[in-house]
Protein chains: 2
Amino acid sequence: MERDLDLIFAALADPTRRAILAMLLEDDMAVTDVAAPFAMSLAGISKHLGILATAGLISQERRGRVKWCKLEPDAMREASIWMQAFGQFEAINLDAFERFLEVELAPQQDDANTPPG
Amino acid sequence: MERDLDLIFAALADPTRRAILAMLLEDDMAVTDVAAPFAMSLAGISKHLGILATAGLISQERRGRVKWCKLEPDAMREASIWMQAFGQFEAINLDAFERFLEVELAPQQDDANTPPG
DNA sequence: GGCATACTCAACCGATCGGTTGACAATGGC
DNA sequence: GCCATTGTCAACCGATCGGTTGAGTATGCC
């Protein structure tokens, strides 16, 4: 748990790794494609991906000779919850916030008649 | 900005520093008192406090020969905002969330008789 | 089979990190 | 004035970090 936070925050402390996460936000990617925009060796990127995977921030699945990298947003939640203890929401009504989330995250019946787009 | 995130996440990646932040959540503290619970030299703790201060997570004010350490929760907001892009609130209506925050963070009428800080 | 593609591993490098010790500076109490 | 308290600085130490290169392993295509 504490160890998790060590790994997650350490992983997030590097700008290359944050950039990789931002790329994976758009879509899953192969290792080679992740590496393409960076002026860095493929092995270097592979190391970064290993660190992100160890922290649980991404998962990697091999299909054929291609290893696909996928963002795992849940891992950030633990860190985010820890951070939120430090005053970010101290001024707001947490009960109301939870009710707000409940409504927002509920299966959305109302959207059945919402026009698509 | 990117540099800020480097410093903040790196500062948060150490368990001793996170423990210090948790202590400061309760109250402002002198350097010696911060150091007390740890099996570490005062100089070691002083270094950690320097790292937290550089990251903007705490501020330090010298009064007499005592240096008081104070949590600065705002610094975490930047990092928290960055993290929230990664799916934690992806399913909720961000406009509604902003309106919710506006209401919750609005100056509260009930506090009108609070003495100015 | 042969070859290009897609990675990983091991070894190495300099820089930084987390921690120590010892000396030092500044302040406050008696 | 003297001394304890409070805290920092500089130097050092081993470990880890971010990156490289070179070799090696699967896999897929022709």
Side-chain angles (χ1 to χ4, degrees), chain A residues 2-24 27-72 79, chain B residues 2-24 27-72 79:
Chain A
E2 270 294 303
R3 184 74 189 144
D4 289 0
L5 289 177
D6 286 14
L7 293 176
I8 292 171
F9 283 130
L12 295 178
D14 184 272
T16 300
R17 287 193 292 263
R18 288 199 306 277
I20 291 174
L21 290 175
M23 290 165 60
L24 292 177
D27 210 347
D28 299 357
M29 296 179 80
V31 174
T32 302
D33 294 334
V34 169
F38 296 97
M40 190 186 304
S41 68
L42 181 64
I45 295 293
S46 181
K47 269 196 183 182
H48 281 303
L49 290 170
I51 290 168
L52 289 170
T54 299
L57 291 163
I58 69 167
S59 59
Q60 294 183 288
E61 184 200 355
R62 174 149 234 138
R63 270 205 303 272
R65 59 181 167 176
V66 174
K67 201 170 193 177
W68 292 93
C69 304
K70 181 180 183 324
L71 193 67
E72 293 290 343
Chain B
E2 269 296 304
R3 184 76 187 142
D4 289 358
L5 289 176
D6 286 14
L7 293 175
I8 292 172
F9 282 130
L12 294 178
D14 184 272
T16 300
R17 288 194 291 264
R18 287 199 308 276
I20 291 174
L21 290 175
M23 292 164 60
L24 292 177
D27 210 347
D28 299 357
M29 296 179 79
V31 174
T32 303
D33 295 334
V34 169
F38 296 97
M40 191 187 301
S41 68
L42 181 63
I45 295 294
S46 182
K47 268 196 186 182
H48 280 304
L49 290 170
I51 290 168
L52 288 171
T54 299
L57 291 164
I58 68 168
S59 60
Q60 294 182 289
E61 183 199 355
R62 173 152 236 138
R63 273 205 299 273
R65 59 180 168 179
V66 174
K67 200 170 194 176
W68 292 93
C69 305
K70 180 181 185 323
L71 193 67
E72 294 290 344

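Per chain, numbering begins at 1; letters A, B, ... match sequence-line order. If you're wondering where the values come from, they're calculated on a predicted model, not measured in any experiment.
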Legend entry - side chain to side chain contact (heavy atoms under 4.5 Å, CB included) against A:A10, all qualifying residues, sequence neighbours excluded: B:A13
Inset, instruction - Would you indicate, yes or no, if D:dG7 has its OP1 or OP2 atom less than 4.0 angstrom from a side-chain nitrogen or oxygen of B:S46? - result: no
Legend entry - Inter-residue atom distance B:L12.CG - A:L12.CG, 0.5 Å rounding: 9.5 Å
Legend entry - Contacts of B:P15 that satisfy side chain to side chain contact (heavy atoms under 4.5 Å, CB included) - sequence neighbours left out: A:E2, A:D6, B:R18
Legend entry - Under-4.0 Å side-chain N/O to phosphate OP1/OP2 contact, B:K67 with D:dT6: no
Legend entry - Euclidean distance, B:C69 SG relative to B:M29 CE, rounded to 0.5 Å: 8.5 Å
Side-chain donor-acceptor pairs under 3.5 Å in residues 32-57 of chain B, sequence neighbours left out?
residue, atom, partner, partner atom, Å
B:S41, OG, B:G44, N, 3.1
B:H48, ND1, B:R17, NH1, 3.1
B:T54, OG1, B:G50, O, 2.9

Inset, instruction - Would you give a per-nucleotide map of nucleotides 25-30 of chain C, 5' to 3', where B means the base has a protein non-hydrogen atom under 4.0 Å away, S means only the sugar-phosphate does, and - means neither? - result: --BS--
Inset, instruction - To the nearest 0.5 angstrom, please state how far the CD1 atom of A:I58 sits from the NZ atom of A:K70. - result: 11.0 Å
Inset, instruction - Taking the side chain as every heavy atom from C-beta outward, state whether B:Q60 and B:R62 have any pair of such atoms under 4.5 Å apart. - result: no
Legend entry - Gap between atoms CD and P, on A:Q60 and C:dC7 respectively (whole Å): 9 Å
Legend entry - Interatomic distance where CD belongs to A:E61 and P belongs to C:dC7 [whole Å]: 13 Å
Legend entry - Partner set under side chain to side chain donor-acceptor pair (under 3.5 Å) for B:R63, not counting sequence neighbours: B:E61
Are there any protein N/O atoms within less than 3.5 Å of an N/O atom in nucleotides 18-23 of chain D, and if so, which ones and at what distance?
residue, atom, partner, partner atom, Å
D:dG18, OP1, A:R17, NH2, 3.1
D:dG18, OP2, A:R17, NH1, 3.3
D:dG19, OP2, A:H48, NE2, 2.2
D:dG19, N7, A:K47, NZ, 3.2
D:dG19, O6, A:K47, NZ, 2.2
D:dT20, OP2, A:S41, N, 3.0
D:dT20, OP2, A:S41, OG, 2.9

